[in-house]
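Here is the structure we will look at.
Here, residue 1 is the first one in the sequence, and each next residue gets the next number. Note that the structure is a prediction, hence the values are computed from the model and not measured.
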Amino acid sequence: MESTGESWKPVYNLLEGTFAVFLVNAAHVKNVPGRKMDKAEARWLAKLMRDGLLQASFIPPAGQRDVRDLTRYRTKLVQERSREVNRVQGV
């Protein structure tokens, strides 16, 4: 699976315990020669992985991912609160 944006997370979380899922950096895949079409991309990535041309990205354990998500969410809430305080003070 190619890691582009946030779209890989739900699929990875769903398949994590069932299959051996490899997440590869999209920039690394872009540097590997070959065509990337939507229909053939999964087969192409599987062939590259079998041939050892791709390296799986590090994905932390589920508990650590949860802590990271909560920390990011808390940071976002603190920033939103600060924006609102500054807006009210400006009014």
Side-chain angles (χ1 to χ4, degrees):
M1 184 174 1
E2 197 174 357
S3 64
T4 52
E6 298 281 317
S7 61
W8 64 270
K9 287 183 179 182
V11 177
Y12 184 86
N13 290 337
L14 188 67
L15 298 176
E16 181 180 19
T18 311
F19 299 101
V21 182
F22 291 93
L23 186 70
V24 293
N25 189 341
H28 181 72
V29 171
K30 186 178 180 183
N31 292 331
V32 177
R35 291 191 172 222
K36 299 176 196 98
M37 293 185 208
D38 289 340
K39 286 189 175 187
E41 186 172 1
R43 277 183 270 158
W44 183 71
L45 286 174
K47 183 179 184 313
L48 290 176
M49 196 68 176
R50 272 195 317 268
D51 295 342
L53 296 174
L54 298 177
Q55 183 179 4
S57 298
F58 169 73
I59 304 295
Q64 188 175 353
R65 289 194 310 260
D66 292 340
V67 169
R68 285 181 175 187
D69 289 341
L70 287 173
T71 304
R72 289 183 183 122
Y73 183 60
R74 182 185 183 281
T75 302
K76 181 180 170 185
L77 289 177
V78 168
Q79 289 172 348
E80 287 178 13
R81 181 182 176 273
S82 298
R83 266 194 302 272
E84 287 299 317
V85 167
N86 289 338
R87 189 181 65 79
V88 168
Q89 288 176 354
V91 171

Original post:
In terms of hydrophobic clusters joined by side-chain contacts under 4.5 Å, are Val85 and Leu77 together?
Top reply: no
Original post:
Minimum heavy-atom separation for Arg65 to Pro60, with atom names?
Top reply: NH1-O, 2.7 Å
Subject >> Sequence-distant partners of Asp51, side-chain hydrogen bond (donor to acceptor under 3.5 Å, both in side chains), two or more places apart >> reply: Lys47
Original post:
Considering residues at least two apart in sequence or located in another chain, which fulfil the side-chain hydrogen bond (donor to acceptor under 3.5 Å, both in side chains) criterion with Gln55?
Top reply: none
Original post:
Do the side chains of Ile59 and Tyr12 get nearer than 4.5 Å, heavy atoms only?
Top reply: yes
Subject >> Partners passing side-chain hydrogen bond (donor to acceptor under 3.5 Å, both in side chains) against Asp69 (at least two apart in sequence or in another chain) >> reply: none
Subject >> With Arg74, the side-chain contact (heavy atoms from CB on, under 4.5 Å) member among Val78, Leu70, Thr71 >> reply: Val78
**OP:** State yes or no: do Phe19 and Val11 share one hydrophobic cluster built from I, L, V, M, F, W and Y residues joined by side-chain heavy-atom distances below 4.5 Å, directly or via other members?
**Re:** yes
Original post:
Is there side-chain contact between Glu84 and Glu80, with heavy atoms separated by less than 4.5 Å?
Top reply: no
